[in-house]
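First comes the structure, then the notes that go with it.
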Amino acid sequence: MPIWSSRKRYKEYQVESAVRRSKRRSERTIISRQGTEISAKRSRSIGPLLRAFFSFVRHDKRAVASALLCATVSASLELFPPAATKIAIDNVFSGLPLPDSITRWVPDSSTILSTPQSLLATLAIAIVTLSFIAVIFGIIGRWLATRTVKSVQNRVRRLVFGHAMRLPLSRVQQMRTGGFVATLREDAGGVGDLVFSMLYNPWRAVIQLIGSLTVLAITDWRLLIGALMILPVIVMTHRTWIGRIRPIFRDIKTTRDSIDAHATEVFGGMRIVRGFARTRTESLRYSSSGHLMARQEFLVWWWSRGVDLAWALFIPIASAALLWYGGVQVLQGSLTPGDLVLFLTYVMMLLIPIQMLASSATAFQTNLAGLDRILDLLVESPEMPDRPHAVRLPKNAIEGEVQMHEIGYRYPNTESDVLQKISFTAKPGQTIALVGPSGSGKTTLCNLVARFFDPTAGLITVDGRDLRDIHLDSWRQSLGIVEQDVFLFDGTIADNIRYSDRNASEALVRRAADLANATEFIEQLPKGLATHIGERGVRLSGGQRQRLAIARAILADPRILILDEATSSLDSQSERLIQSALFTLVRERTTFVIAHRLSTIQHADLILVLERGQISAAGTHTDLMHSSEKYQQMVLMQTAIPAPPKVPFPAANSSRQAS
């Protein structure tokens, strides 16, 4: 694992960044606020996307309408306080009379506004009152919009998660876990954010923009034209932020995550690191990554200062130019001093809605692309929809006879069959063992029994009924599965055992644990059944996790049982305990066992030897030892003493002497 200098890594990073910028321009990718690179391409036009969005929001349409109404009131009221500066300068300090457009709105204005002091007090009271009302309406509107966002996000995430749970297993296996989590977090969350990026923020910005432009146009339209020259600077700095600065922040986050992951990995494998004397190497890797992140942070600092410099120079220059031109107009009597101050104030107010519209446009583009990806997922067909005449069978109505008639299966987008012409009958209560080399189709065959997918050829019947005529959920409720790679959830031992039957009493949970030979180690734990076992049961040994999986299957009381290498990779004592628990579990249940240890399936009623997706031999252990050469070879390979290596491994001292 080479250790590069941070300078070399930084130069490579700059080249990679240039390539990514070119890619974003050609492939229309953008950097989200969370720092991830997202495609902005859409397969749907704006119309279907908007209809889909409003279908998600229809339950909250009153809240959205109320939020927009509050935003209208708040944004409109915020336009009035700056106008008070004009009145203060012209009518309070300069002594000019109030215009009739103001006095006719004030009752008894000749008394209330008769002196400069009373006029100034009235202005102060009016500013405080209007600002207070604007803040109240603004908070209410933003609260209603935020509540709508969270409501839509939860609704979309629930819909997407529920639909993904029903997708075909092959499709689920194609989905990267991290990619799906990103879909739930960013894409589904972005659909809710459309409430702000498409409705609330643009609505509020447009009201402020129209109001400010109206005031500026009334004051002096020539000054307005000069003020609009600020727009190119706003657009340029916004494009710089989106195109340059935000991607660097994304890269800094990626580097930081990599540093954190490296530190976690090193401390998690400290025995290996020290055992191979790699402490200095890992320290150098950590330092190199830290230096790279520092260089990236310096880069983003310079780009940010460039944006700040543009604002720090251009805005004062533009303001000075407007002040000079407006001052000339004041000296010539075309404008009053209050008009000039009013104009400059509203010019600065223009920046806020324009910047808000620019940010909303980018967020709108990102969120709309996320909505498009959400809809792509939602239109995918769920796994094996039930036939119209499918029946629900209670568990006790299934006897457990499983027959396969000329079964074949081919995975999607492949050209060869993994199973071909598989035919056999499993009588109720029998144990069917599947043996054969890796890739022979054993797991695929059990997946067909569990109906994780349907065969591409042939027919599977249960008690003489086509398996596809049984409601999928009711069939799955009749199954019990114990796999080699036991999956336990982050919770208590009782929660994991009760996963197969959420309504089971504690007495039934304890009975299942006892039958699975798990009671002994459970009672030794500090909190017994209430002990938290961590993610995937990391606080338990392999044998303990396996016994909990068996207890979970026992509590389910299945009619059909699937055991996938349930005793592999265990020590002898754990294997004996689990074998004893399995004998209890398989009693009076039709059981399919996948096994590489042939000693564990010698009691099976029927052993199927699979080779290249076909049954090459079938029978009991005794029958196959006489009739199947392949089965004999498999048994001999597991019982024979390994031969010594033909080429001895060179000794350490000999290698030193050679060097």
#### Entry: Set of ring-ring contact (aromatic ring centres under 6.0 Å, His included) partners for Phe592, sequence neighbours left out
none

#### Entry: Partner set under salt bridge (charged side-chain N to carboxylate O under 4.0 Å, His left out) for Lys427, not counting sequence neighbours
Glu401

### Query
Do Asp466 and Arg468 sit within salt-bridge range, that is, some charged N less than 4.0 Å from a carboxylate O?
yes

Sequence neighbours excluded and cut-off under 3.5 Å, please list the side-chain donor-acceptor pairs for residues 503-515, or say none.
residue: Ser505; atom: OG; partner: Leu508; partner atom: N; Å: 3.4
residue: Glu506; atom: OE2; partner: Arg510; partner atom: NE; Å: 3.2
residue: Glu506; atom: OE2; partner: Arg510; partner atom: NH2; Å: 2.9

### Query
Do the rings of His621 and Tyr631 sit parallel, tilted or perpendicular, given the 30° and 60° boundaries?
perpendicular

### Task
For residues His405 and Phe424, determine if any side-chain heavy atom of one lies less than 4.5 Å from a side-chain heavy atom of the other.
no

### Message
Enumerate the ring pair (Phe, Tyr, Trp, His ring centres under 6.0 Å) contacts for residues 459-485, please, sequence neighbours excluded, ordered by first and then second residue.
### Response
none

## Note on the structure
Sequence neighbours excluded, the answer for salt bridge (charged side-chain N to carboxylate O under 4.0 Å, His left out) partners of Asp60 is Arg155

### Task
List in chain and number order the residues that pass ring-ring contact (aromatic ring centres under 6.0 Å, His included) with Tyr499, two or more places apart in sequence or in another chain; answer none if no residue qualifies.
Phe489

### Task
For residues 440-462, pull every pair meeting salt bridge (charged side-chain N to carboxylate O under 4.0 Å, His left out), keeping only residues two or more places apart or in separate chains.
Arg451-Asp454

### Residue list, side chain to side chain donor-acceptor pair (under 3.5 Å) with Arg274, at least two apart or on another chain
none

### Query
Considering residues at least two apart in sequence or located in another chain, which fulfil the side chain to side chain donor-acceptor pair (under 3.5 Å) criterion with Thr146?
none

### Message
Under 3.5 Å, is there a donor on one side chain and an acceptor on the other for His262 and Glu282?
### Response
yes

#### Entry: Selection residues 158-168 - residue pairs positive for side chain to side chain donor-acceptor pair (under 3.5 Å), sequence neighbours left out
none

### Query
Does His59 have any ring-ring contact (aromatic ring centres under 6.0 Å, His included) partners at least two apart in sequence or in another chain, and if so, which?
none

#### Entry: With sequence neighbours excluded, residues passing side chain to side chain donor-acceptor pair (under 3.5 Å) with Glu611
Ser616

### Side-chain heavy-atom pair Val593, Ile432 within 4.5 angstrom cut-off
no

### Query
Does the side chain of Leu194 come within less than 4.5 Å of Phe54's, by heavy atoms?
no

